[in-house]
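One structure is given below, represented as structure tokens, and several questions about it will come after.
Computed from a predicted model, the values in this text were never measured in an experiment.
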Amino acid sequence: MRMIRPPGVYAPQGDTALLLEALARERLTPGARTLDLCTGTGVLAIAAARRGARATASDIAAAAVTTARCNARLRRCRLRVVRGDLVAPVAGERFDLVTANPPYVPAPGREAPRGGPARAWDAGHDGRLLLDRICRAAPAVLAPRGVLLLVQSSLSGVAATLAALRAVGLRARVVARRLQPFGRVMTARARWFERRGLVAPGTRTEELVVIRAVRPAPDPSDASTASTASTASTASTASTASTASTASTGSTGSTGSVTSSAPPASGTPASASAPSSVRMPGRNPGRRPVPEPEDRPGTAAPHRHREAR
């Protein structure tokens, strides 16, 4: 599936292909809600839309948003494209499937670029500027049993991503791997990677990894336990209120009894002057559409052994 890609928009390549293959293995029912973060050309969102999903694509770059909309129109598929920072444009919404191919290349600079081509791949000193944010935000946009598919490089900490996703309550595991040679950008930083211990001396390959994380459905037993606890609490409160009410009534009756012990007024029957005993009852709360590789600066699909990122 060829996509138009103006300069400055991330071109589909090896990581996109690997993520598309993982997406093709997911079961998408008609009308399922999907979200593609850092959409670029929109290829992943379009692949979901062509399978009948109600697809949304998000990107912070205006050029990417325009490109994704154009590609969707060219393929005559319905695609909602929003512009903003990760999940901010869809706050409060829930999705059955979320895909993400964020920038993840470690870079000498500790901050993400504010513009230019490097914005599509540079992600801070450890490559995790966006990965960590996506991990933290995932539970807020996933429906119960919703799935996150996230692709990244082995150089940016696969174990750290798994740990971060599990820390927010998701079940996460690696579902796809692929080894590919460094592209122009990675090759230019190879010595820096070696000095930082990210690769062994002489290594000029990286492993791409797709991580699948699932938000568990609520446990019915938890709801049952909460309901039982609530009922018990209500019953206890009602019982306490009943006891207090009874004690209060008894106290009032005692006072009345003392008063009624006085001799009755003349002509008044004793039985009429004695108050009746009152008790207040308690309440009973009883695929595989793999994109044609295009040249991102120095990148191509790994299975063709051309230059990658």
Side-chain angles (χ1 to χ4, degrees), residues 1-90 93 95-103 115-121 130 141 147-151 176 183 208 210 287-304 306-309:
M1 179 167 48
R2 286 192 172 275
M3 313 293 288
I4 64 170
R5 183 191 65 86
V9 176
Y10 183 75
Q13 54 185 295
D15 49 4
T16 313
L18 193 62
L19 194 53
L20 273 169
E21 291 170 10
L23 171 61
R25 291 191 292 269
E26 292 294 327
R27 181 174 175 267
L28 278 182
T29 57
R33 300 196 62 192
T34 66
L35 171 65
D36 183 37
L37 299 174
C38 308
T39 196
T41 60
V43 60
L44 287 155
I46 290 171
R50 293 177 73 177
R51 292 175 59 187
R54 289 184 292 164
T56 299
S58 174
D59 204 295
I60 197 170
V65 168
T66 300
T67 301
R69 286 174 178 159
C70 290
N71 282 323
R73 287 171 186 159
L74 286 173
R75 279 149 189 82
R76 298 181 182 180
C77 66
R78 293 177 61 87
L79 176 64
R80 180 176 68 141
V81 184
V82 294
R83 183 187 178 193
D85 188 15
L86 294 181
V87 302
V90 294
E93 299 183 45
F95 299 88
D96 304 300
L97 176 68
V98 177
T99 54
N101 182 6
R119 189 182 194 183
W121 53 79
L130 274 77
V141 293
V147 173
L148 167 69
L149 293 176
L150 173 69
V151 67
L208 297 175
V210 173
R287 102 186 172 206
R288 305 163 66 95
V290 180
E292 292 292 330
E294 299 182 30
D295 290 333
R296 174 190 195 176
T299 310
H303 56 279
R304 299 195 179 181
R306 285 164 48 195
E307 189 179 37
R309 163 169 58 186

- Task: Compare all side-chain heavy atoms of I4 with those of C70 and state whether any distance is below 4.5 angstrom.
- Result: yes

- Task: Report the distance from atom OG1 of T29 to atom CZ of R51, rounding to the nearest 0.5 Å.
- Result: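 The CZ atom of R51 is 10.0 Å from OG1 of T29, to the nearest 0.5 Å.
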
- Heavy-atom pair with the smallest gap, counting every atom of A48 and T34: CB-OG1, 3.7 Å

- Can you see which heavy atom on V9 is nearest to which on G40, and at what distance? CG1-C, 3.8 Å

- Message: Suppose the criterion is side chain to side chain donor-acceptor pair (under 3.5 Å): which pairs have a residue in residues 61-72, not counting sequence neighbours?
- Response: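 Qualifying pairs, neighbours excluded: none.
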
- Closest approach of P103 and L130, non-hydrogen atoms and distance? CD-CD2, 3.7 Å

- Task: Applying side chain to side chain contact (heavy atoms under 4.5 Å, CB included), run through E93 and L35 and close with a yes or a no.
- Result: CA-CA 10 Å; E93 299 183 45; L35 171 65; over 6 Å; no

- Grab the two heavy atoms, one from T39 and one from A57, that are nearest each other, plus how far apart they are. OG1-CB, 3.5 Å

- Query: If every non-hydrogen atom of L18 is compared with every non-hydrogen atom of A176, which pair is closest and at what distance?
  - Reply: CD1-CB, 4.0 Å

- Verdict with reasoning, C38 to L86, per side chain to side chain contact (heavy atoms under 4.5 Å, CB included): CA-CA 7 Å; C38 308; L86 294 181; 3.9 Å; yes

- Message: Checking T56 now: which residues fulfil side-chain hydrogen bond (donor to acceptor under 3.5 Å, both in side chains) with it, not counting sequence neighbours?
- Response: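 T56 satisfies side-chain hydrogen bond (donor to acceptor under 3.5 Å, both in side chains) with R80 once adjacent residues are dropped.
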
- Item | Approximate separation, where rounding is to 0.5 Å, of L150 CG and L37 CG |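 Atom-to-atom, L150:CG and L37:CG are 9.0 Å apart.
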
- Message: Here's a test for you: under side-chain contact (heavy atoms from CB on, under 4.5 Å), which of L44, T41, N101 qualifies with P12?
- Response: T41

- Message: Rounded at 0.5 Å granularity, tell me how far CG in D15 sits from CH2 in W121.
- Response: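 Going from CG on D15 over to CH2 on W121, the span is 11.5 Å.
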
- Heavy-atom pair with the smallest gap, counting every atom of P89 and S58: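 Shortest heavy-atom contact: CG-OG, 3.9 Å.
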
- At what distance, to the nearest 0.5 angstrom, does CG of L79 lie from CD1 of I46? 6.0 Å

- Main-chain N/O of D59 paired to R83 side chain as donor or acceptor, under 3.5 Å: no

- Message: Applying salt bridge (charged side-chain N to carboxylate O under 4.0 Å, His left out), can you list everything that pairs with R54, at least two apart in sequence or on another chain?
- Response: none

- Message: Under a 3.5 Å cutoff, is there a donor and acceptor pairing between the side chains of T99 and D36?
- Response: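 Side chains of T99 and D36: pair found under 3.5 Å.
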
- Just how far is it from atom CG of L149 to atom CD of E26, taken to the nearest 0.5 Å?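 Here the interatomic distance stands at 5.0 Å.
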
